[in-house]
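Read the structure below first, then the notes.
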There are 2 protein chains.
Amino acid sequence: MKNTKKIFLVDDHQMFLDGLESLLNDVKTITIVGKASNGKEALELIDKSVDVVLMDISMPEIDGIEFNRLIKLKYPDINTIAISMHNDAKILDKLIRGNINGYLLKNAEKNELLEAINTVSDGDNYFSEEVKRTYQDSLFKRENTQDQAPQLSKRELEVLGEIINELTTKEIAEKLFISQHTVESHRKNMLSKLGARNTAGLVKYALENRLSN
Amino acid sequence: MKNTKKIFLVDDHQMFLDGLESLLNDVKTITIVGKASNGKEALELIDKSVDVVLMDISMPEIDGIEFNRLIKLKYPDINTIAISMHNDAKILDKLIRGNINGYLLKNAEKNELLEAINTVSDGDNYFSEEVKRTYQDSLFKRENTQDQAPQLSKRELEVLGEIINELTTKEIAEKLFISQHTVESHRKNMLSKLGARNTAGLVKYALENRLSN
DNA sequence: TAGAAAATCCCTGAAAAGGGTGATTTTGTG
DNA sequence: CACAAAATCACCCTTTTCAGGGATTTTCTA
């Protein structure tokens, strides 16, 4: 562990960026060596001298998940901490696969932030108790219900897209030049694949997984 | 205008709260007189000595819109500035109806934040150029297409909530202890209010407007 | 307190969606 | 090529949704 830690901040909200900087500037053992408001810019500015990258998850263009992957590819020794608004197991899962070193919630206190920075720059990973709990819950769920990413076929996605557009089965059939029976088949297959009970479930799935457009 | 402005911060994200505090503490003409992580707490802590309240929009229990209304009711002379992630005309509209004095985006810079604080404590309102533009665009839209914010009643929202939960009309009727006819009425009224063609449209509206839970 | 808005209930009939089952043809990949 | 997955179509039958009326009671609010 070095005496003064070199931190790089990445967040698309300037105000949060400035706030974090001001907060961390009060800490003697920490130096802010740079800031960026998006992943692309950060990738250009970060070099191997950086100790810890603090990043937001939801960013335009390159999101936190992708950004973490890229930065780890370029500089495997840099420690990365994600700061997220939501305690979301899916996101965390993807980040862990990308070898993230820490995950903090935005409602964490200053002390926790500092502890996280210290921990990861010592070469350990830092995840708050709250985050660990949600993650383990999600692992437990996965083991018991072998749901695992339901895959919709290309055609099914097309049909789903038209359902989202509020078209009826008949209209979808006409639009895709297939019979109503076929559309109904696709619809029924999707219902069973997704474990949905009706159209509402299909639409929810589509919107939650950004398959809308 | 007083020499040192008394600022109160409200945000459910501790980290943002701490960051803002640190940021504003560097400014000589500003004193942070208090912080709260939700509207309820803030309402208890704020007194008439406060000059400016800086608040987040998305907060649990009492959201920023409601909080602003309440604080203005209690202390009409306190100046309020909302800090929001999104440049959303609908939210802004509601805030303006609640006599908010300023609206900033989270990607605003420190200087803009300070300017906003100065402006509102001088008794003027502050809205960034970006925000003003979106708001005017939305006014323009409203004049041409008389869509006007479709308002769903309390009961309609309840029914919609159950539709999102994939319940059928019959099940909703049983759950809410009303007749199927009534549920159908609510459903039909929502379809026409929202200009939706079917369930898919209702679900889309609900999810897009975060009425889900 | 009068009027509006919301919530409640009812009816009919048509269209759409959903459940079950089965079969053929296309397409893609090892 | 062989096998699997995807896409296609079909039939039956039930339930749900949607469209169109109309009506009464409750609640809110100017």
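Here is the naming used below: chain letters follow the sequence lines, and residue numbers restart at 1 for every chain. What you see below is based on every heavy atom in this structure, not just the backbone, and it leaves out hydrogens, waters and symmetry mates.
- The side chain of B:His181 has C:dC10 as its nearest neighbour among C:dC10, C:dA6, D:dC9.
- Across all strands shown, A:Gln180 has no heavy atoms under 4.0 Å from either base or sugar-phosphate atoms.
- Rounded to whole angstrom, the span from the NZ atom of A:Lys188 across to the P atom of D:dT8 amounts to 15 Å.
- Listed pair A:Ser185 / D:dT8 fails the phosphate criterion, with no side-chain N or O lying under 4.0 Å from OP1 or OP2.
- Remark: A:Lys193 is not positioned above the aromatic ring of A:Tyr205, lacking an NZ or CZ atom under 6.0 angstrom from the ring centre and at most 45 degrees off the axis.
- Phosphate contact (OP1/OP2 of D:dT17, side-chain N/O of B:Thr199, threshold under 4.0 Å): absent.
- Between A:Leu167 atom CG and C:dA15 atom C1' the separation is 15 Å, expressed in whole Å.
- Here the closest non-hydrogen pair linking A:Arg187 and A:Thr199 is NH1-OG1, 3.2 Å.
- Distance, A:Glu156 CD to D:dA6 P: 7 Å, rounded to whole Å.
- Out of C:dA6, C:dA16, D:dT8, the shortest distance to the side chain of B:Lys193 is found at C:dA6.
- Of the side-chain N and O atoms in A:Thr168, none sit less than 4.0 angstrom from OP1 or OP2 of D:dC18.
- At a cut-off of 3.5 angstrom, counting only N and O atoms as typed in the model, there is no donor on one side facing an acceptor on the other between the side-chain of B:Ser179 and the base of C:dC10.
- At a threshold of 4.0 Å, the pair B:Asp11-B:Lys35 does not count as salt-bridged, since none of the basic side-chain nitrogens sits closer than that to a carboxylate oxygen.
- As rounded to whole Å, 15 Å separates atom C1' of D:dT25 from atom CD1 of B:Ile178.
- What separates CG of A:Asn189 from C1' of D:dA5 is a distance of 12 Å, to the nearest Å.
- With DNA chain C read from its 5' end, the first of the two nearest nucleotides for A:Thr169 and B:Lys154 is the one closest to B:Lys154.
- Atom CD of A:Glu184 is separated from atom C1' of D:dC9 by 11 Å (rounded to the nearest Å).
- As judged by a 4.0 angstrom heavy-atom cut-off over every strand, A:Asn198 is placed among residues touching the sugar-phosphate backbone only.
- Of the possible donor and acceptor atoms, none in the side chain of A:Asp122 sits under 3.5 Å from a partner among the backbone N and O of A:Asp124.
- Regarding A:Leu194, its CG atom lies at a distance of 15 Å from the C1' atom of C:dG18, rounded to whole Å.
- Between B:Phe16 and A:Phe16, the distance separating the two ring centers is shorter than 6.0 angstrom.
- Counting only heavy atoms from C-beta on, A:Lys170 has its side chain closest to C:dA16 among C:dG19, C:dA17, C:dA16.
- At D:dC18, none of the side-chain N or O atoms of B:Arg197 fall inside 4.0 Å of OP1 or OP2 (strictly under the cut-off).
- Summarising the geometry, the separation between NE2 on A:His186 and P on D:dC9 is reported as 8 Å, rounded to the nearest angstrom.
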